[in-house]
Amino acid sequence: IPRSTEQVEAASVEKALKLMRKAKRPMIFVGGGAVISGAEKELLEFAKKLDAPVADSLMGKGAYPGTDDNYVGMLGMHGTKTADLSIGEADVLVVLGSRFSDRVTGVTKNFAKKAKIIQVDVDPAEINKNVIVDVSVIGDVKSVLDIFNSRLEQLSHPEWMEKVMERKRTLPLTYNKLKNGVLLNLSFTLMTVMLLSRMAINLNHLELSAMVQKVHPLKAFIKKVIM
């Protein structure tokens with residue numbers, strides 16, 4: 001399928017814009033299609049115009065800057081609490097170039113239950129394949145966002161954004177637990193623990209203990225967790 005869109009259906013665009021303008025709690029979800037499309041600039045402009053939090057999938061990484069204030073992290077089983085909790089409260093969800101994998105949606109009937117879903121995708125076969133949506137816009141993500149940005153006025157959702165940003169502040173990926181002056185990174189530590197726990201299947205207690213002391217600077221902490 002060509003990655004440029006000669007004509008995007010005007011009626012679909014109008015339906016999408018109408019939902020966005022009515023939204024009180026909008027949210028944007030970015031998939032790999034936005035990366036392939038090269039829509040980084042258009043996506044950032046759109047997020048600011050819509051005034052909405054932005055989550056992404058693993059394949060969507062890089063389309064939206066992870067350091068931007070509107071960014072809330074990945075969505076789904078490997079996602080952040082901020083993204084997962086917020087999508088459950090959103091009333092309009094704009095999905096850009098995502099196929100709705102089960103690692104993102106979980107049980108599809110429970111996915112974004114309160115939201116009207118707008119799906120933008122270059123491939124018509126992806127529409128309503130895994131999640132039934134309310135509005136679909138067929139076209140390359142970059143081209144469709146160009147249209148959205150040219151037609152959408154600046155919107156504002158201060159209460160919603162403050163709620164999401166407060167959640168982001170109180171539910172970070174790191175936590176302030178000091179051990180010997182080192183700030184522990186929760187996600188990295190848990191990944192290390194899981195890896196060593198799997199390795200322990202083929203190792204006895206003494207061998208694992210010796211390995212932990214050699215390979216990880218937070219050895220005391222990890223030993224306490226897995227022993």
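The structure presented is a predicted model; accordingly, all values stated were derived computationally and were not measured.
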Applying side-chain contact (heavy atoms from CB on, under 4.5 Å) to Lys22 and Lys116, what does each step give before you reach the verdict? CA-CA 11 Å; Lys22 287 185 175 181; Lys116 298 288 186 182; over 6 Å; no
Please collect all salt bridge (charged side-chain N to carboxylate O under 4.0 Å, His left out) contacts where either partner lies in residues 52-62, sequence neighbours excluded, each pair once. Asp56-Lys61
Report the residues that fulfil side-chain hydrogen bond (donor to acceptor under 3.5 Å, both in side chains) with Asp68, sequence neighbours left out, ordered by chain and then residue number. Lys48, Tyr64
Starting from the C-alpha separation in whole Å, work towards a yes-or-no answer on side-chain contact (heavy atoms from CB on, under 4.5 Å) for Asp51 and Met161. CA-CA 8 Å; Asp51 194 29; Met161 288 300 290; 3.6 Å; yes
Show, in sequence, the C-alpha distance, side-chain angles and deciding distance for Val131 and Val95, and conclude whether the side-chain contact (heavy atoms from CB on, under 4.5 Å) test is met. CA-CA 11 Å; Val131 172; Val95 181; over 6 Å; no
For a side-chain contact (heavy atoms from CB on, under 4.5 Å) check, start with the C-alpha distance between Asn128 and Val133, then their side-chain angles and the critical distance, and finish with the verdict. CA-CA 6 Å; Asn128 293 324; Val133 302; 3.3 Å; yes
Test of understanding: clusters of I, L, V, M, F, W, Y form through side-chain heavy atoms closer than 4.5 Å, transitively. Do Ile87 and Ile117 belong to the same one? yes
Which pair of non-hydrogen atoms, one from Lys114 and one from Gly88, has the smallest distance, and what is that distance? CD-O, 3.4 Å
Could you tell me whether Glu42 and Lys142 make a salt bridge, using a distance below 4.0 angstrom between a side-chain N and a carboxylate O? yes
Output yes when Arg169 and Glu162 qualify as a salt bridge under the 4.0 Å nitrogen-oxygen rule, no when they do not. yes
Donor-acceptor under 3.5 Å (Ser86 side chain, Ala83 main chain): no
Shared hydrophobic cluster for Leu155 and Val137 (ILVMFWY, side-chain gaps under 4.5 Å): yes
For Phe111, ring-ring contact (aromatic ring centres under 6.0 Å, His included) partners two or more places apart: Phe100
Sole candidate of His157, Met20, Arg21 that passes side-chain contact (heavy atoms from CB on, under 4.5 Å) when paired with Pro26: His157
